[in-house]
Amino acid sequence: MNALSHEERRDRIAELAPDELAEIEAEDEEDEWDLPALPNAEDVEEVRMRCAPNPNGPWHVGHARMPAVIGTYRERYDGWFCVRFDDTDPETKRPDLEAYDDILDDIEYLGFEPDAVYRASDRVETYYEHARELIELGGAYTCSCSGETFSELKNDGEACPHREKDVATVQEEFEAMVEGEYDSGEMVLRVKTDIDHKNPALRDFVAFRMIDTPHPRDVASEYRCWPMLDFQSGIDDHLVGVTHIIRGIDLQDSAKKQRFVYDYFDWEYPEVVHWGHVQLDAYDVPMSTSSIKELIDAGDLDGWDDPRAPTLASLRRRGIRGDAITDAMIGLGTSTSNVDLAMSSIYANNRELIDDESDRYFFVRDGTEIPLGGSPPAEANPPLHPDHEERGDRAIPIGDAVLVEPADVPDREERVWLKGLGCFQYTRDTLQYTGESIDVVREGDVDVIHWVPADENVPLRLRTMEGDVLGHAEPGVAALDSDDTVQFVRVGFARIDRHEDEETVAYFTHP
RNA sequence: GCUCCGUUGGUGUAGUCCGGCCAAUCAUUUCGGCCUUUCGAGCCGAUGACCUGGGUUCAAAUCCCAGACGGAGCACCA
């Protein structure tokens, strides 16, 4: 009705003022995008972006923002994006060899495919070459100050004695770094910025340092001299032609540091967009790779896909579509303030995606058994989906007794409507079939509840964010395939995970 | 301590650059109503926000100043 009147209105406007209509619809076209326009996107031949994760574990939900926003911009501008694993710290942010593929999987789940994939640990020689060039330009020096010593000098705006070394010495010492002749902490290469820059964070930052621990990837295990993120990332962004950098506020100062390097090389720095941190409501577990890992190691979580873990693997197992997450992330925009993402927003998106295809089944939690009397029908035949009669009915044999949820057990002499079956009155601890029509429900006197036969049913474990719930589902659930999503009537949506000998396991999706 | 950045309903967001059409958009949440043999869907409706104080102006969510609150960086982490 609404759509129709909208059409009518549109036609009316088309008749009266065709020019205005075109204008209105052109504006609508622009409004199609929820994200703000990228700065100067029109000035570049191709919008090129990168998604630069640290492969130190599978992704939590917050990570989804990167591919969601970058991938959406790619579609919008018909641009390009790569995934670049910034795995240049084999020690404190030690890469997890499985995480590289896990992350690419997660990105695919979210609905995107990168145009290219790089690993920084494959490109160390490239960073060395640029370091050499930078040294030659007088933009870097080797420094053997301890961290504390340099920090003190830096905070006072004073240069350390190494800053004035001649280029030949710096070259020599840097080559010794590359050859691994120093131990961890002995020598670094610093970028010469501005030693009394008003922001202490920007003064002569470290570009390369020594790390004794070998990189877990075989191809990179011989390197001991590793670039820091600000250097490596800055070089790579230029080399792959990145036009727009989109990253978190924790890297707000990065652009300023990297500009010093770009100035030495006479490169043009990309446009930058910074966003704040994402918090999720609804979880007890903190959303950080390291704390989730600790909980798994301690046995408090079953794994990365435990329903209580705020990870993408978990949401996926619960039957939440990647698109539901992506859309919620797009809705957050790109503001620099920290944001709380409500899970309900992901749920609302997902419900819209799965409601239509999720058939309906009964699942009774903690069932209370009640005998039936009064000769009810032998079989109940509720529809698989109330909006899709063409899908047919389920067949639920009745037997002599049913299980209902304890909260649904009616008071004495009260009537209750067993959904898909009929009206019963609770008399002498028995549900007596009354044969009344559905009108008694319409009149509002009788509650509709779900149930399963006490004899023929499927024991089912429903894994939820609050822990596992045991109960029994109607027989048809045994025939469902893994990955099917269903709606357990009056309980909520769930994804069928597997059938075991003793029970079927399903994951609770959301109400 | 030094340096950046931010603050629109419960949550997120639009609007802020270029002041008026903003008693402020959209989504979600919550609460009602209708419908439905549903916790779902659909339809209708309601509640609910411009951090504070000054200033400029005919006019401020929007510009200026101050303050409060929040965040980030000052790592040989990313």
- pair_partner(B:rU62), Watson-Crick or wobble, both distances < 3.5 Å, evaluates to none
- Message: Show, in sequence, the C-alpha distance, side-chain angles and deciding distance for A:Y141 and A:H162, and conclude whether the ring-ring contact (aromatic ring centres under 6.0 Å, His included) test is met.
- Response: CA-CA 7 Å; A:Y141 60 97; A:H162 311 113; 7.6 Å; no
- Message: Side chains of A:S233 and A:M228, heavy atoms from C-beta outward: is any pair under 4.5 Å?
- Response: no
- Under a 3.5 Å limit for both distances, which nucleotide forms a Watson-Crick or G-U wobble pair with B:rC69, could you say? B:rG6
- Item | Touch class at under 4.0 angstrom, heavy-atom based, for A:S233 against every strand present | nothing
- Item | Residue matched to B:rA27 through Watson-Crick or wobble contacts both under 3.5 angstrom | B:rU11
- Does a side chain donor of either A:R217 or A:S121 reach within less than 3.5 Å of an acceptor in the other side chain? yes
- Task: Would you please classify the geometry between the A:W451 ring and the A:F362 ring as parallel, tilted or perpendicular, with 30° and 60° separating the classes?
- Result: tilted
- Task: State the pairing partner of B:rA78; accept Watson-Crick or G-U wobble contacts with both distances under 3.5 Å, and report none otherwise.
- Result: none
- Query: Between A:R351 and B:rA41, is there a side-chain N or O to OP1/OP2 distance below 4.0 Å?
  - Reply: yes
- Is a side-chain donor-acceptor pair under 3.5 Å present for A:R259 with A:Y269? no
- Message: Both A:S151 and A:K419 contact RNA chain B. Which one's nearest nucleotide lies toward the 5' end?
- Response: A:K419
- Query: Mind checking who B:rU57 pairs with, Watson-Crick or G-U wobble, both distances under 3.5 Å?
  - Reply: none
- Can you establish whether the number of heavy atoms outside A:E91 located under 6.0 Å from its atom CD is more than 12? yes
- Query: 5'-most contact on RNA chain B: A:H277 or A:T336, nearest heavy atom basis?
  - Reply: A:T336
- Item | Sub-4.0 Å heavy-atom contacts from residues 379-398 of chain A onto RNA chain B, ordered by number | A:P386, A:D387
- So, A:F208 versus A:F174, ring centres under 6.0 angstrom or not? yes
- Item | Under 4.0 angstrom between A:T88 side-chain N/O and B:rC77 OP1 or OP2 | no
- Item | Phosphate-side-chain proximity, A:R360 and B:rU38, N/O vs OP1/OP2 below 4.0 Å | no
